[in-house]
There are 2 protein chains.
Amino acid sequence: MKQSLASKITPRNALDSFKTICAKTGIKATHQRLQIYDEMVKANDHPTAEILFERLREAMPTLSLDTVYRTLATFEQHHIIKRVKTDRHKTRYEAKMNRHHHFICQECETITDFNWSSFDKDKLPEEVQRLGTIIDHSITVSGICRDCTTNRD
Amino acid sequence: MKQSLASKITPRNALDSFKTICAKTGIKATHQRLQIYDEMVKANDHPTAEILFERLREAMPTLSLDTVYRTLATFEQHHIIKRVKTDRHKTRYEAKMNRHHHFICQECETITDFNWSSFDKDKLPEEVQRLGTIIDHSITVSGICRDCTTNRD
DNA sequence: CTAAATGCAAAATTTTTGCAGTCCC
DNA sequence: GGGACTGCAAAAATTTTGCATTTAG
């Protein structure tokens, strides 16, 4: 996989680096985008567009939900963030761009990242490579998280 | 993973076996469910609820889309079919219940199944097992399929 | 300046729900 | 017969779009 622009950026210098990302991708560094990106980098809970909107609204009362949607779509196109595939309908997003995998709780919908470096080193089977050009791949584990298991009747 | 009820059923005897599935799961074997299940077993293109509805409508003019949604939800609850996670909004479904993985074309949204038995034999890392009870897991590969690569300008 | 981005409102898309009637077990 | 299921219509939920205005480069 191609090294992504955002992969070297830590929360600490996210705001400083965002202008560089914009310069490289050719998108404009607006106030809204800056804030949305910052919030995405801080978030480790794979928020939906709506959740992100609620978080940002406090500091930006005039922000509109459609701008959040449009911005996230733009970020995704430029590989600044990723969509996360879940079984549910609401699309969720993450700014963590290095390779990792997801555990998704079927009960509470919490998404937890995990690493599996020995898997990451493996090549995908020939059969898959023949299907086309591979851009990305990851493992999704679905189950019931510890919290939900404990809290069950 | 627990062996699913539908996994031994081939298209040939799908209709015959559907009543058995219903008996085991305790759901009623209605005409609509029979037809929807049959269509799902025949389909190898991971259709959406709407596409399935269109296919069935010819033979069942009074079928309604909400019944298709409700039926697919019921089937999913009883592990008769699975939802397929895609980046896009429309939920897609499949009746192939044995372990396999997906290649999803980012251009045409075609989902192609592939097998990777050596991966399937591996245990997930300890780190993941600690997150909770694992129900299922699979690999999603995203890329551009051969057809889309060829047809590009 | 100018093309791109935003906010507002309205629409489009996808999925769910209430209810009255129908059908399986 | 009784509870589960269906169809209809209407609503809910999620995402997208058109347009006038504002803003970054």
Taking the side chain of [X] as heavy atoms from C-beta outward, which of [options] is closest to it?
X	options	result
A/Arg70	D/dT16, C/dT6, C/dA3	C/dT6
A/Thr91	C/dT6, D/dG7, D/dT15	D/dT15
B/Thr30	C/dT16, C/dC25, D/dC5	D/dC5

Compile the donor-acceptor pairs under 3.5 Å between side chains in residues 57-65 of chain B and protein atoms, sequence neighbours left out, one pair per line.
unit_1, atom_1, unit_2, atom_2, d
B/Ser64, OG, B/Asp66, OD1, 2.9
B/Ser64, OG, B/Thr67, OG1, 3.1

Hey, which sits more toward the 5' end of DNA chain D by its nearest nucleotide, B/Arg88 or B/Ser64? B/Ser64
By nearest nucleotide on DNA chain D, pick out whichever of B/Thr67 and B/His89 is the more 5' one.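 First, find each residue's nearest nucleotide; the 5'-ward one identifies B/Thr67.
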Under 4.0 Å between a side-chain N/O of [X] and OP1 or OP2 of [N], yes or no?
X	N	value
A/Arg33	C/dA5	yes
A/Tyr69	D/dT16	no
A/Lys90	D/dT14	yes
A/Gln32	C/dG7	yes

Just to verify, which of A/Arg83, A/Lys82, A/His46 counts as forming a side-chain hydrogen bond (donor to acceptor under 3.5 Å, both in side chains) with A/Glu94?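 Of all the options given, the one that passes is A/His46.
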Passing option when B/His102 is tested against B/Asp113, B/Thr86, B/Thr112 for side-chain hydrogen bond (donor to acceptor under 3.5 Å, both in side chains):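 Of B/Asp113, B/Thr86, B/Thr112, side-chain hydrogen bond (donor to acceptor under 3.5 Å, both in side chains) with B/His102 is met by B/Asp113 alone.
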Whole angstroms only, please: what is the [atom1]-[atom2] distance between [X] and [N]?
X	N	atom1	atom2	answer
A/Arg83	D/dT14	CZ	P	15 Å
B/Arg92	C/dT15	CZ	P	12 Å
B/Met60	D/dC5	CE	C1'	12 Å
B/Asp66	D/dA13	CG	P	17 Å
A/Lys19	D/dT23	NZ	P	15 Å
A/Ile27	D/dA24	CD1	P	14 Å
B/Leu34	C/dC25	CG	P	10 Å
B/Leu65	D/dA10	CG	P	16 Å

Any salt bridge between B/Arg92 and B/Asp45, counting N to O under 4.0 Å?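 No, B/Arg92 and B/Asp45 are not salt-bridged.
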Distance in Å, B/Met40 CE paired with B/Gln35 CD, rounded so as to fall on 0.5 Å steps: 14.0 Å
Determine the contact category for B/Ala29: base if any of its heavy atoms lies under 4.0 Å from a base atom, sugar-phosphate if only primed atoms, P, OP1 or OP2 are that close, otherwise nothing.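 It contacts sugar-phosphate atoms only.
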